[in-house]
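In what follows, a single structure is set out as structure tokens and then discussed.
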Amino acid sequence: MTEGETVPGVGAAVHDTARDLYGRVAGREGPHLRVRPFSGGRTWDADPEQLRPLGQDELLRILVAEANARSRRER
């Protein structure tokens, strides 16, 4: 996040730049936000300063890539 940006709220699609992971904000745990991967799974603690909100184009690209990966695994 850059100076002046607000902390992403629950449900916001974000990129955790410290871990290079993508997900949705699931809640707050003390000073950190809990982020869940788009494909489900375990949440992780993220520093709000290290989260970058995703644009619609970027979110769509990530969701399509995950759907394609799931499809390949199911074959």
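A quick note: this is a predicted structure, and the numbers were derived from the prediction, not measured.
- Evaluated for a side-chain contact (heavy atoms from CB on, under 4.5 Å) with Arg24, the options Leu59, Leu54, Val35, Thr43 yield exactly one hit, Leu59.
- Sparse packing is recorded around CG of Asp57, with 12 or fewer heavy atoms of other residues, nucleotides or ligands lying under 6.0 Å away.
- Partners of Ser39 under the side-chain hydrogen bond (donor to acceptor under 3.5 Å, both in side chains) rule, at least two apart in sequence or in another chain, do not exist in this structure.
- A heavy-atom distance below 4.5 Å is not found between the side chains of Tyr22 and Asp16.
- For the residue pair His15 and Asp20, the shortest heavy atom distance occurs at NE2-OD1, 2.8 Å.
- Minimum interatomic distance between Trp44 and Arg19 (heavy atoms only, all atoms of both residues): CD1-NH1, 2.9 Å.
- For the side-chain contact (heavy atoms from CB on, under 4.5 Å) with Leu33, the qualifying choice from Asp45, Val7, Val10 is Val7, the only one to do so.
- Smallest separation of non-hydrogen atoms from Arg34 and Glu29: CD-CB, 3.8 Å.
- Under 4.0 Å is where a charged nitrogen must lie from a carboxylate oxygen, and between Glu58 and Arg52 at least one such pair does.
- In terms of heavy atoms, Leu51 sits closest to Ala46 at CD2-CB, 3.8 Å.
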- Task: Could you give me the CA-CA distance, side-chain angles and deciding distance for Val64 and Asn68, then say whether side chain to side chain contact (heavy atoms under 4.5 Å, CB included) is met?
- Result: CA-CA 6 Å; Val64 167; Asn68 287 340; 3.7 Å; yes
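- In this structure, Pro8 and Val25 approach most closely via the heavy-atom pair CB-CG2, 4.0 Å.
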